[in-house]
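Numbers here simply count residues along the sequence, with the first being 1. Indexing begins at 1, ligand by ligand and atom by atom, following the structure's order. Predicted, not measured: the structure shown is a model, and the values here were computed from it.
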Amino acid sequence: MRRLDLAGGTAVVTGAASGIGRALAASLARRGAHLVLLDRDADGLAAVAARLGAVPVTTHVVDLADADAVAAVAAAVRERHPRIRLLVNNAGVALSGRFDQVTTEEFGWVMDVNFRATVLLCHALLPAVERGGHIVNVSSIFGIAAVAGNTAYVASKFAVRGFSEALRQELAPAGVGVTVVHPGGVNTAIAATARRGSGVEEAEHAAGTREFSRLLRIDPARAAEVILRAAERRRARVLVGWSAKLPDALTRLLPGSYGRLIERAARRTADRAVRATARRSG
Ligand SMILES: NC(=O)c1ccc[n+]([C@@H]2O[C@H](COP(=O)([O-])OP(=O)(O)OC[C@H]3O[C@@H](n4cnc5c(N)ncnc54)[C@H](O)[C@@H]3O)[C@@H](O)[C@H]2O)c1
């Protein structure tokens, strides 16, 4: 497949009001793409669009957890942009809590935003994707390595990975590429805005959020460049940062037991969080 040329093409990006999506919008604008940006955060989206300079930008405020709203926004996008060169399913949410600490509704909400919306948008927008076009689906390192305390997020991101890898094989004959992205820790709002599972104590949630946020070190602008270069080169998958590359290697070296090592590291992190909370409270 030819290298993806984004100049002058239409690029649809979900979750564009913050973090990796906002950085992707900026990188795509620098490449001369026409932007269609989706997010539930109207103010954030307007602020991003205002900073993008001269490229044509359309914004859509939509809650991707709502299947009817996704169908409506996809129809509106197709009507206005009958030819799409790049679709980036980037929007995502996190939820704190072990499986027994979250309700099935909370679990379903994570699946709806992270996985179902990705599937629905691929399905609805695929007929508009040009031959030679490309789809990028953002999974996570947690779509390769499972961790305790995040069953919903892990399930959603493994699902994005499996879906994307199968879709890539199906779309290759039609000349449409697919890249699945596995970021490590990128410095965004994902941990700070994570929803608290209803069985998780507030202090436990706050401590977990703080510790998790400390692991998010990669500059979103750098992550966006890595992602777009991978798409331009039609890579099947891209690992963003060492915080993705090391766990990925671990899962391949120790496929049956990597979980124990990750659990030990997570327990050390949790103990640190508890000690830090105790120090703060006196
Ligand atoms: N930051 C990381 O370390 C990291 C690591 C692995 C994977 N990811 C993935 O990267 C993607 C981008 O996340 P980020 O880190 O930039 O987080 P972020 O919270 O900064 O940005 C996520 C964006 O998605 C939007 N969004 C969330 N739910 C939505 C909904 N229901 N409808 C519409 N928009 C919605 C938010 O408003 C926000 O603008 C996510 O899929 C996330 O799971 C992030």
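Among all protein heavy atoms, the one lying closest to atom 11 (C) of ligand 1 is N90 O, 3.0 Å. Summary of contacts: the protein heavy atom closest to atom 13 (O) of ligand 1 is I190 CD1, 4.0 Å. Among protein heavy atoms, the minimum distance from atom 18 (P) of ligand 1 is reached at S18 OG, 3.6 Å. Atom 9 (C) of ligand 1 has its closest protein heavy atom at V138 CG1, 3.7 Å. Atom 5 (C) of ligand 1 has its closest protein heavy atom at G184 O, 3.0 Å. For atom 22 (C) of ligand 1, the nearest non-hydrogen atom of the protein is G92 O, 3.9 Å. The protein non-hydrogen atom at the shortest distance from atom 8 (N) of ligand 1 is Y153 OH, 3.6 Å. The closest protein non-hydrogen atom to atom 16 (O) of ligand 1 is I20 N, 2.8 Å.
Ring planes of F212 and F142: parallel class, angle under 30° (limits at 30 and 60°).
Within a 6.0 Å radius of CZ in R31, more than 12 heavy atoms belonging to other residues, nucleotides or ligands are found.
At a cut-off of 3.5 Å, with distance as the only test, a side-chain donor of R30 or S27 sits close to an acceptor on the other residue. No donor-acceptor contact under 3.5 angstrom links the side chains of R85 and H134, judged on distance only. Side-chain N/O atoms of T10 and H34 include no donor and acceptor closer than 3.5 Å.
In D63, the parts holding a heavy atom less than 4.0 Å from any atom of ligand 1 are both the side chain and the backbone. Contacts between V62 and ligand 1, counted as non-hydrogen atom pairs separated by less than 4.0 Å, involve the backbone only. Contact annotation for V113 and ligand 1: only side-chain heavy atoms (C-beta onward) come within less than 4.0 Å of the ligand.
For ligand 1, the atoms sitting less than 4.0 Å from at least one non-hydrogen atom of A65 are 31 (N), numbered in the order shown with element in parentheses. Atoms of ligand 1 lying under 4.0 Å from at least one heavy atom of L216, given by number and element, are 3 (O). Taking a cut-off of under 4.0 Å to the non-hydrogen atoms of S140, the atoms of ligand 1 that pass are 6 (C), 7 (C). Distances below 4.0 Å separate heavy atoms of V93 from the following atoms of ligand 1: 27 (C), 28 (N). The ligand atoms of ligand 1 that sit less than 4.0 angstrom from a heavy atom of G19 are 16 (O), 20 (O).
For K157, the heavy-atom gap to ligand 1 drops under 4.0 angstrom. Distances shorter than 4.0 angstrom occur between a heavy atom of G185 and an atom of ligand 1.
On a distance-only criterion, T188 and ligand 1 share at least one N/O pair closer than 3.5 Å.
The residue from I135, L35, V77 that alone fulfils the side chain to side chain contact (heavy atoms under 4.5 Å, CB included) condition with V12 is V77.
Under a hydrophobic clustering in which Ile, Leu, Val, Met, Phe, Trp and Tyr are joined whenever their side-chain heavy atoms come within less than 4.5 Å, directly or via other members, V93 and I190 fall into different clusters.
Formation of a donor-acceptor pair under 3.5 Å by the N90 side chain with backbone atoms of G15 is found in this model.
Heavy-atom proximity to atom 7 (C) of ligand 1, evaluated over A189, S139, S213, is greatest for S139.
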